[in-house]
Amino acid sequence: MGDTIMKDYGEDVFSEKAIREFLPKRVAAKLLATMREGKPLDPSIADAVAAGMKDWAVQKGATHFTHWFQPLTGGTAEKHDAFLEPTGPAQAVQRFSGKNLIGGEADASSFPSGGLRSTFEARGYTAWDPTSPAFVKRHENGATLCIPTAFCSFTGDTLDMKTPLLRSIQAVSKAIERLMRKFGQPKAHVEITLGAEQEYFLIDRRFYMKRPDLLQTGRTVFGAAPAKHQQLEDHYFGAIKPRILKFMTEVEQRLWQLGIPAKTRHNEVAPAQFELAPMFEDLNLAVDHNMLVMEVLRQTAERNGLVCLLHEKPFEGVNGSGKHCNWSIAYGGRNLLTPGDNPRENAIFLTVLLAIIRAIEMHADILRMTTAGAGNDHRLGANEAPPAIISVFLGDELNAVLNAIETGAKGTKGAAKTALRVGVDTLPALPKDTTDRNRTSPFAFTGNKFEFRAPGSSQNCAQSQMVLNTIVAESIDAICDRLDGMKGDFNANLQKLLQYEVKAHKRVIFSGDGYSAAWPKEAAKRGLPNLRDTMAALAPLKDQRNIALFEKYGVLSRTEMLSRWEIGMADYHRRIRIEASIALEIARSMVRPVVADEFSRLATALGQAKSDGLKFGIRGLTALSSKLGAGLDDLHVKCDRLEKALAHRRHEAQIVAMNDLRRTVDRLECLVDDSRWPLPKYREILFVY
Ligand code: ADP
Ligand code: MG
């Protein structure tokens, strides 16, 4: 009976245990306090911390250190420096100084900055963020000490995902503290939590190597739908194949060593699609951990002769991949999104809930912005993922509660419709695990947290979480401001205020089918924004109202907002261009020769058959060669059109021409001799391991 300790768990993290073991007592205590409070490291202990950290890392096989950061490209970046310090001819020691630990200088010129940084100010600075512990990354010949850092330019403008995330955590924490004071709660630590469910595809490396489109863009630009894909719904939660299970267990072992609480693994809806879900953690740490999850997935796949595809839409016609971001707020260890069992707790729960609803209703556009990207454009609104319209799902029970608040004193008869007195009554019991969850909603309340389902599988969660924190901070402050201006009984005032908030913002609440054709029409009637593609979704970054909000909370400056717009647009255009170029290249240099060759064989055979006066086969050969010939002509036209669109740098035209070309190529795939088709087909890639 009892628990079994997982000995290897967190062994590659400079954890509390390692800190106590490798640092002098006084230094360890100071560092641990710093980490808990999220403060910058005291320079007077930096040298001692660095020395201990180095000793620990060297013991793990580390030879180098790196400041590990998250540039605006969406991935992670590292530049390794050896601990090496020559001490004489043919003599050296391993050394790591406090200066090297606290901050580093990185050449910022190769990272996107959206015009933030002129070339003569190419320097960028990285600074250790002690709220995320250092760790070692192992490789075949040793290991690297990684120090999670923030990255900014010479002028102090942020060039990364982490800095604004940390600022937003501060903003929402401050707002929550203010609200809690109103409720007479004792001062306590605010923790924003994130559990990021990661979807991904796994395919055999041999197929991947034969698909230039996958190699270059992470998605297939051609490929006819196989006879069987996901229509039998036999993959989701199905038994996991042995080769995949071997992969998954290796991933988990690695993640556990890194102190990443990978908890759940299962098959997803599409064939060859899977999911990994960790236990939720402190938001900042969870973001770093998700970046590591993606890296470990990729590397482990490679070691197993597989490739992990994190693109949002690797295969047309089967589901794409998302990253569900489960978000909540804890105060003094209590989850504020758990409906409590006394009137006071419920008043807090309802206030926070309405603040969030208000935030989403008022700032849906900027939240939608965080999910923009060429990959996610294939997913959102494609009847497999939530639509590009941001709405909130609460479930029947909570809807009834809000209804009761809204009806207020004018409550009509019937139990469900009597007025609920906030701060006096308890909430009706809400089932903790609502089984009939609405999977079509982008922002759903799931019992004790909100689940944002629109982010794409390859995206850094920091982006959406940073916006969510900021808009919720603004909403909580607005509610506090109103309460400040009201005299008299607190509960009565709160009741009035929440009633007002329900009325003002309920248009964002939607319980129906988000995939239905009726919803966009209904949403338009309600005046909810529907930002269909990346270009539209990025525009809110330039909106004065949003800029003012992010400046007010010190999360992003105007310049930083505008630079993100520029980076997003440039990234989008480049990706479309690369996809279009590779599509053209494959169509011309791989597909066309095969089609032309087959056509010429058929035409020759037809001519021969006719001159030989054969009785049979002429009809078949005629039909087939006509079809192929027409396809060949069509291919020629479509390629030229795409080439023109590329030359004119018109990306909308590129997308249209690429889709047109795809239809032609996919038709030819079903006509040409299977043994000659130059690309591995979906039915192989998705089903053969
Ligand atoms: P689903 O049914 O969506 O697969 P679960 O309810 O099991 O999921 O949880 C999904 C994710 O939500 C997990 O990563 C879990 O740790 C996370 N989660 C649970 N509680 C919280 C919370 N309070 N804050 C943030 N994430 C949470
Ligand atoms: Mg989920």
Side-chain angles (χ1 to χ4, degrees), residues 9 165 168-169 172-173 176 188-200 235-238 240 248 251-252 255-256 258-270 273-294 296-297 319 321-340 345 348-349 352-353 355-356 384-386 392-395 398 430-455 457 459 461-462 464-466 468-469 472 514:
Y9 190 84
L165 177 73
S168 76
I169 292 173
V172 71
S173 300
I176 289 284
H189 178 63
V190 182
E191 187 182 40
I192 312 300
T193 50
L194 168 70
E197 304 167 55
Q198 179 70 51
E199 291 180 339
Y200 59 94
H235 191 252
Y236 191 55
F237 282 12
I240 303 171
M248 286 176 166
V251 167
E252 285 155 354
L255 294 179
W256 291 344
L258 286 165
I260 300 172
K263 175 95 174 155
T264 309
R265 60 188 187 208
H266 61 81
N267 291 352
E268 258 303 327
V269 173
Q273 192 187 29
F274 308 92
E275 180 182 300
L276 182 154
M279 286 279 295
F280 69 94
E281 294 180 281
D282 178 70
L283 171 53
N284 178 38
L285 187 62
V287 167
D288 285 358
H289 281 174
N290 178 254
M291 300 309 283
L292 286 170
V293 163
M294 291 195 283
V296 168
L297 284 171
N319 273 13
S321 301
K323 175 143 47 201
H324 294 175
C325 292
N326 296 271
W327 173 95
S328 191
I329 306 168
Y331 188 73
R334 200 180 92 74
N335 185 347
L336 294 182
L337 287 175
T338 303
E345 282 180 3
I348 294 176
F349 166 75
V352 173
L353 183 78
I356 295 168
E384 56 169 83
V392 177
F393 174 82
L394 295 177
L398 267 185
L430 302 180
K432 285 255 146 70
D433 190 27
T434 326
T435 38
D436 62 336
R437 285 183 193 175
N438 186 327
R439 293 267 157 202
T440 67
S441 173
F443 199 80
F445 181 72
T446 49
N448 57 2
K449 61 192 186 287
F450 272 98
E451 182 169 345
F452 188 33
R453 303 197 180 109
S457 49
Q459 295 179 319
C461 323
S464 61
Q465 303 300 297
M466 173 265 289
L468 190 52
N469 291 340
V472 169

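Counting starts at 1 for both ligands and their atoms, in listed order. Since the structure is predicted, the reported quantities are computational estimates derived from the model, not experimental observations.
Taking only nitrogen or oxygen atoms, main chain and side chain alike, N335 reaches within less than 3.5 Å of ligand 1. Between K449 and ligand 1, an N or O atom pair is found at a separation short of 3.5 Å. Residue contacts with ligand 1: A196 is placed with no nitrogen or oxygen under 3.5 Å of a nitrogen or oxygen of the ligand (distance criterion only). Close N/O approach between P278 and ligand 1 is found [any backbone or side-chain N/O within under 3.5 Å].
Here CZ of R334 is found 9.5 Å from CZ of F349. Values are rounded to the nearest 0.5 Å. From M248, atom CE reaches atom CG of N267 across 6.0 Å, with rounding to the nearest 0.5 Å. For the atom pair L283 CG and I192 CD1, the distance stands at 7.0 Å (nearest 0.5 Å). Here the straight-line distance linking atom CD1 of I169 with atom CD of E191 works out to 9.5 Å at 0.5 Å rounding.
Residue contact annotation: E191 has no non-hydrogen atom under 4.0 Å from ligand 1.
Taking every heavy atom of both residues into account, Y331 and A188 meet most closely at OH-N, 3.1 Å.
Neither the backbone nor the side chain of K263 comes within contact range of ligand 1; no heavy atom lies under 4.0 Å. Proximity of T193 to ligand 1, defined as any heavy-atom pair under 4.0 Å, is shared by backbone and side chain alike. Within the 4.0 Å heavy-atom criterion, neither part of H324 lies near ligand 1.
Atoms of ligand 1 found under 4.0 Å from any heavy atom of G195 (numbered from 1 in listed order, with element): 14 (O), 25 (C), 26 (N). Less than 4.0 angstrom separates some heavy atom of E451 from each of these atoms of ligand 1: 3 (O). For ligand 1, the atoms sitting less than 4.0 Å from at least one non-hydrogen atom of R439 are 2 (O), numbered in the order shown with element in parentheses. Ligand 1 places these atoms under 4.0 Å from at least one heavy atom of M279: 16 (O). Within ligand 1, the atoms closer than 4.0 Å to a non-hydrogen atom of S328 are 22 (C), 23 (N), 24 (N), numbered from 1 in the order shown.
For the pair I356 and V392, the minimum side-chain heavy-atom distance is 4.5 Å or more. At a threshold of 4.5 Å between non-hydrogen side-chain atoms, the residues T264 and E275 do not count as touching. At a threshold of 4.5 Å between non-hydrogen side-chain atoms, the residues E451 and N326 count as touching.
Looking only at atom types and distance, the side chain of S168 has no donor-acceptor partner in the side chain of Q465 under 3.5 Å away.
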